[in-house]
Amino acid sequence: MDNIEAIRGTKDILPKKVIYWQYLEKTASEILTKAAYQEIRTPIFEQTPLFERGIGEATDVVGKEMYTFTDRGDRSITLRPEGTAGVVRSYIQNKLFASGGVERLWYSGAMFRYERPQAGRQRQFHQIGLELLGSKAARADVEVIAIATDILKALGLKNLSLQLNSVGSKEDRQTYRQALLDYLTPYKDNLDSDSQDRLSRNPLRILDSKDKKTQEIAQNAPSILDYLGDDSRHHFDKVCTLLSDLSIPYELNPRLVRGLDYYTHTAFEIISGDLGAQATVCGGGRYDGLVSQLGGVETPAVGWAIGMERLILLLEKLQPLSPQTPDIYFVSRGEKAENYALVIAQNLRHSGYKVELDLSGSNFLKQFKRSDRSGAKICLVLGESEVEQGMIQVKNLENSEQKTVSQDKLLEILTQLIN
RNA sequence: GCGAGCGUAGCCAAGUGGUUAAGGCGGUGGUUUGUGGUACCAUUAUUCGUGGGUUCGAGCCCCAUCGUUCGCCCCA
């Protein structure tokens with residue numbers, strides 16, 4: 001009989017790795033909180049049309065990557081492939097706009113996409129994301145980008161680059177799309193086959209094709225930045241200026257195209273030079289049309305998401321984090337002593353110590369070996385004789401000093417030894 | 001969904017058709033039955049991801065399947 005294993009593209013995050021996750025979550029939530037963002041938790045599954053309408057039916061994410069199933073009530077349900085649609089749905093449903101001003105929200109959690117797993121890409125993966133709803137100011141775009149760079153900096157990451165583009169308004173994109181088609185169509189036969197398909201479906205994507213020939217052709221293609229209307233142009237210029245004011249370096253990348261339909265104007269990615277092909281660590285942008293598209297009142301918004309697995313790959317290369325060790329390792333032998341040790345351990349925990357109780361029942365030698373391996377500073381020893389005399393032995397594992405003390409004095413002695 | 005590589009113990013691995021599957025780390029037991037970190041000894045895979053096939057004989061060759069890695073696609 002074969003053992004049951006985790007589903008393809010999913011991973012257990014074992015205790016050794018969890019430390020990195022906790023570190024990342026703590027760092028991010030502190031920075032988000034400082035910027036007045038509040039955490040929101042939305043369901044992991046939603047009605048399928050939310051994503052179809054929100055992300056766009058023509059996108060790959062919706063077209064071929066969603067975990068969609070019919071539930072027992074015959075409803076079409078989808079495991080969320082990204083976080084924004086759910087947050088926006090919640091924003092509309094709970095009338096969060098009623099508070100008048102802007103709404104600053106962040107989330108973290110599992111997302112699901114049916115893709116071929118590879119380094120930095122799983123079927124169940126995790127994102128930390130942020131959404132700023134209700135402001136169309138360029139300052140909002142920059143605030144959001146600055147928070148992302150702050151988080152990455154606080155984590156100590158290097159070799160990152162912020163790629164910046166504007167995909168303009170819907171109208172801008174229409175005119176640009178036509179201009180691009182006019183340019184590319186004569187070269188149609190020289191494009192790679194994927195790009196030929198995209199000519200009709202999504203010509204903007206051709207720009208970041210990895211095919212050599214296509215790249216050469218795309219080299220001289222018109223740039224979207226030349227097709228921005230006055231408002232879009234002005235907005236984008238301001239974003240650039242403000243980023244410079246904050247000394248946040250960026251690279252203009254007119255070929256940066258985001259794969260989800262809801263993006264407008266500012267689009268950005270933060271990519272790492274230390275990952276493989278899946279190098280985008282953070283991606284986001286403005287999505288002014290999404291709230292109304294999902295049935296809310298016209299609300300401008302910006303946001304991003306960070307791929308946590310990818311970040312953790314980078315963190316692991318930086319500094320190794322070691323797991324928590326107990327302050328005290330508790331050795332006991334003999335039934336009375338064992339039972340009483342449980343009581344003392346509980347009291348010590350209530351007093352704030354991290355206590356690991358040896359439950360093996362094996363001889364002292366083995367228990368001491370384990371105490372050494374546990375990484376604890378102090379070893380407590382309780383045996384038959386100590387129980388009878390109301391005493392306990394306190395051993396300092398760092399210098400091997402050991403003394404027998406009265407159980408009433410234990411806390412006192414421990415405060416002297418620890419810290 | 002497509003292309004390529006890989007899959008031997010908890011981990012790192014040697015082994016490329018011929019009797020019993022190197023070694024290291026780790027684990028467990030002991031030397032040391034109330035005292036750790038060292039040392040020494042012993043032990044730790046009836047079996048090479050799984051299922052078929054070729055062969056007198058397969059971890060090694062072939063096919064399928066699953067998993068994994070890299071690339072494409074796509075995205076965080």
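Quantities reported herein were computed from a predicted structural model and do not represent experimental measurements. Scope of the values below: all heavy atoms of this structure, side chains included, with no hydrogens, waters or symmetry mates. The sequence lines fix the lettering, A, B, ..., with proteins before strands; numbering per chain opens at 1.
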Atom-to-atom span, CG of Asp194(A) to P of rC72(B) - whole angstrom: 12 Å
Donor/acceptor link under 3.5 angstrom from Gln393(A) side chain onto base of rU35(B): yes
Same-atom distance (C1') from rU50(B) to rG7(B), integer angstrom: 11 Å
Span that lies between the C1' atom of rG24(B) and that of rA13(B), in whole angstrom: 8 Å
Geometric cation-pi criterion, Arg41(A) with Tyr107(A): 6.0 Å, 45°: no
Interface residues of residues 8-31 of chain A with RNA chain B (non-hydrogen, below 4.0 angstrom): Arg8(A), Gly9(A), Lys11(A)
Over 12 foreign heavy atoms within 6.0 Å of OH, Tyr183(A): yes
Side-chain donor/acceptor of Lys366(A) to base of rG29(B), under 3.5 Å: no
Gln402(A) (side chain) and rU35(B) (base): donor-acceptor pair under 3.5 Å: yes
Rounded distance in Å between the P positions of rC11(B) and rG5(B): 25 Å
Donor-acceptor pair (no angle test) under 3.5 Å: Lys369(A) side chain, rU35(B) base: no
Euclidean distance for P, rU31(B) against rC48(B) (whole angstrom): 37 Å
